[in-house]
Amino acid sequence: MTVSYDITNFYNELVAHGLILPNGVKGAYGRGAVFEEIARAFNDLVSRIAKNDGAQEVMFPPVLPRALVEKMGYMDSFPQLAGSVHSFVGNDAAAREISERVHAGLRWEDMLEPTELMLVPAACYPVYPNFSGLLPGGGRLITVLNWVFRHEPSDEPTRLQSFRMREFIRMGQPDDVLAWRDEWLRRGLDLLQGLGLPAQSDVANDPFFGRTGKILAANQREQRLKFEIMVPVISLEKPTAVASFNWHQDHFSSLFGISNADSSVAHTACLGFGLERVTLALIKAHGFDPKTWPEEVRGQLWP
Ligand code: ATP
Ligand code: ZN
């Protein structure tokens, strides 16, 4: 069977099947009931695979303190992706003006003030500050699911501005953390290939901003800090990253004073499955109606 990769066609078919619900803004479409069933089933499958790992499940809102975004260096590396929450705090006269401007079709956003909040740029960001101090003997394992915002409007159904990441975060001794990251890369590949996806892994880099960003990206690749699992979804030549596996070394642990039980500086690593991207990869591989998917795939997702 020859699979064709056509962004517009794929997008239109997703809409026609009620899988995605466009709202006029790029990368901000709604998810239909069946799309959600697939995303939920995959997330649950990840939970079953990781059941015996003993991860502590935490939950954060999709916003985080502006001060935390600053401290974590997000504005140094990815200012182009950040999203900020602004609200109205003016008086009656200003409220009338905003209303008049809205109805006159004039710009009004400059009448808003930045709040203490920004949109979560990676599901793991709110986690680290909570673990300052000494870790227990074997370190820690956390899991989190959150909405993530990234300002990268695109016609590609696989590139969203608001999407969900299912993440695991490991903190502990450097050797343990690196071994954990590498082990999960194998696990992730097995999982995705086992679902009939033509998944492959490769070393990767984050989209650091600008000229200095090129150097940071090259260093990240050279040190093999980031791996991605990729699946062709909208292009054969440029497969889509559906999961990432990141070794932060002591980057976050030194910011937040996270130490091992023996007081040495801890390392951290995280891995994230992009729930929308995995869902779209499954649809691309097996068709628009999950009822028609191969039994061995359905059996894993809906046991
Ligand atoms: P870190 O925590 O170190 O910043 P991360 O693993 O949390 O990294 P990424 O590697 O940038 O963050 O993204 C994780 C996963 O989220 C990707 O593998 C991909 O599946 C998904 N993803 C990233 N960007 C988008 C997007 N624009 N639309 C949909 N899914 C995305
Ligand atoms: Zn992360």
Side-chain angles (χ1 to χ4, degrees), residues 22-31 58-132 142 144-167 169 205-214 216-217 220 226 241 244 246 248 251-252 255-256 268 270 272 274-277:
N23 64 0
V25 178
K26 290 178 201 280
Y29 57 73
R31 286 72 160 158
V58 294
M59 176 67 78
F60 290 93
V63 289
L64 82 176
R66 185 177 300 276
L68 181 54
V69 172
E70 293 167 358
K71 180 164 178 173
M72 293 182 82
Y74 200 76
M75 300 314 293
D76 308 320
S77 295
F78 313 104
Q80 78 281 19
L81 299 176
S84 178
V85 180
H86 290 55
S87 288
F88 176 70
V89 293
N91 58 16
D92 277 349
R96 274 195 302 280
E97 184 182 340
I98 228 175
S99 163
E100 281 161 17
R101 286 208 213 168
V102 167
H103 293 287
L106 300 170
R107 293 266 60 98
W108 52 273
E109 298 88 335
D110 62 341
M111 296 186 68
L112 303 181
E113 296 290 332
T115 69
E116 285 181 297
L117 293 170
M118 291 187 69
L119 302 179
V120 165
C124 63
Y125 269 39
V127 170
Y128 307 103
N130 300 286
F131 295 100
S132 298
I142 307 292
V144 67
L145 168 61
N146 207 351
W147 286 92
V148 168
F149 177 88
R150 290 184 184 174
H151 186 243
E152 43 185 1
S154 165
D155 288 322
E156 301 171 0
T158 45
R159 186 169 299 282
L160 291 158
Q161 300 201 64
S162 187
F163 55 96
R164 281 160 296 179
M165 275 188 204
R166 169 71 188 273
E167 284 210 38
I169 299 106
N205 62 268
D206 286 312
F208 295 103
F209 183 79
R211 253 186 300 160
T212 29
K214 288 213 169 66
L216 293 174
Q220 191 183 29
K226 185 181 190 81
S244 310
N246 309 294
H248 313 122
H251 180 69
F252 294 135
L255 274 178
F256 297 106
T268 67
C270 76
L275 294 187
E276 285 78 7
R277 285 191 175 174

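- Once rounded to the nearest 0.5 Å, the distance linking CZ of F78 with CZ of F208 reads 4.5 Å.
- At distances below 3.5 Å, not a single donor-acceptor pair connects side-chain atoms of R159 with backbone N or O atoms of G27.
- For residues 80-105, no pair satisfies ring pair (Phe, Tyr, Trp, His ring centres under 6.0 Å), with sequence neighbours left out.
- Screening residues 109-118 for side-chain hydrogen bond (donor to acceptor under 3.5 Å, both in side chains), with sequence neighbours left out, gives R101-D110, R107-E109.
- Sorted by first and then second residue, the salt bridge (charged side-chain N to carboxylate O under 4.0 Å, His left out) pairs involving residues 63-88 (not counting sequence neighbours) form an empty list.
- Counting heavy atoms from C-beta on, the side chains of I142 and F131 come closer than 4.5 Å.
- Ring geometry for F149 versus H151: interplanar angle under 30°, hence parallel rather than tilted (30 to 60°).
- Put simply, the side chain of L117 does not reach to within 4.5 Å of the side chain of L64, judged on heavy atoms.
- Of the possible polar contacts, one joining the N146 side chain to the P61 backbone as a donor-acceptor pair under 3.5 Å is found.
- The two atoms that bring P207 and Q80 nearest to each other are O-NE2, 2.9 Å, heavy atoms only.
- One distance of note links OG of S244 with CD of E167; it measures 8.5 Å at 0.5 Å rounding.
- Atom CZ of R150 and atom CE of M165 lie 4.0 Å apart (nearest 0.5 Å).
- Side chain of N23 to backbone of V25: a donor-acceptor contact under 3.5 angstrom is found.
- Here the CG-CG distance, from L81 to L119, works out to 12.0 Å after rounding to the nearest 0.5 Å.
- Residues satisfying the side-chain contact (heavy atoms from CB on, under 4.5 Å) test with A104, not counting sequence neighbours, are L106.
- Summarising the geometry of Q161 relative to K26, their closest heavy-atom pair is NE2-O, 2.9 Å, with the distance given to 0.1 Å.
- The distance from the CZ atom of F60 to the CG atom of N130 is 4.5 Å, given to the nearest 0.5 Å.
- Between R164 and L145, the shortest heavy-atom contact is CB-CD1, 4.1 Å.
- Applying the 6.0 Å contact sphere to OH of Y74 captures more than 12 heavy atoms from other residues, nucleotides or ligands.
- Smallest separation of non-hydrogen atoms from P157 and Y29: O-OH, 2.7 Å.
- Atom CH2 of W147 and atom CG of L275 lie 9.0 Å apart (nearest 0.5 Å).
- Residues satisfying the side chain to side chain donor-acceptor pair (under 3.5 Å) test with S99, not counting sequence neighbours, are none.
- Here the shortest heavy-atom pairing between M75 and A82 reads SD-CB, 3.8 Å.
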Can you give the donor-acceptor pairs under 3.5 Å from side chains of residues 121-129 to other protein atoms, not counting sequence neighbours?
none

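- Of all heavy-atom pairs spanning R31 and F163, the tightest one is NH2-CA, 3.7 Å.
- The main-chain N or O of D206 is found under 3.5 Å from a side-chain atom of Q220 such that the two form a donor-acceptor pair.
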